[in-house]
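Remarks on the structure that follows.
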Amino acid sequence: MSDAPKEPRFTDDDYAFLRHVRFGELPPAVRPEDRVELTETDPGRGAPETPSPNWDLRRGA
């Protein structure tokens, strides 16, 4: 048997209350008619159009 005290279990309502206390009210959601499409206008700086396999840093090459 474990002598460690059991941690209290919280319900979803408890967690919702704690989030509200910590962060307050959420801002209103953005309406679909107020959304805009993002258009990237700044060209890449020095990066090639098609990266070579040597640029893949995840492979550790």
Side-chain angles (χ1 to χ4, degrees):
M1 287 193 147
S2 174
D3 292 333
K6 293 188 178 193
E7 294 185 23
R9 299 278 185 200
F10 292 109
T11 64
D12 289 342
D13 290 335
D14 294 334
Y15 282 123
F17 173 75
L18 292 173
R19 274 193 305 274
H20 177 74
V21 168
R22 182 171 181 185
F23 299 110
E25 290 288 327
L26 291 175
V30 178
R31 297 180 299 180
E33 58 269 12
D34 292 338
R35 297 179 188 168
V36 296
E37 184 176 341
L38 177 65
T39 303
E40 190 64 46
T41 58
D42 190 21
R45 299 178 187 246
E49 290 289 327
T50 56
S52 71
N54 295 337
W55 285 47
D56 190 4
L57 300 177
R58 292 176 288 180
R59 291 198 294 193

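FYI, the numbering just counts along the sequence from 1. Side-chain atoms are counted along with the backbone in the values below, which use heavy atoms only and exclude waters and symmetry mates. Note that the structure is a prediction, hence the values are computed from the model and not measured.
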**Q.** Residues which pass salt bridge (Lys or Arg N to Asp or Glu O under 4.0 Å) with R22, listed by chain and number, not counting sequence neighbours
**A.** none
N/O donor to acceptor pairs below 3.5 angstrom from side-chain atoms of residues 14-21, sequence neighbours left out:
from: D14; atom 1: OD2; to: T11; atom 2: N; distance (Å): 3.1
from: D14; atom 1: OD2; to: T11; atom 2: OG1; distance (Å): 3.2

Which atom pairs, one a donor and one an acceptor, fall under 3.5 Å between side chains of residues 26-39 and the rest of the protein, sequence neighbours left out?
from: R31; atom 1: NE; to: D34; atom 2: OD2; distance (Å): 3.1
from: R31; atom 1: NH2; to: D34; atom 2: OD2; distance (Å): 3.0
from: R35; atom 1: NH2; to: V30; atom 2: O; distance (Å): 3.2

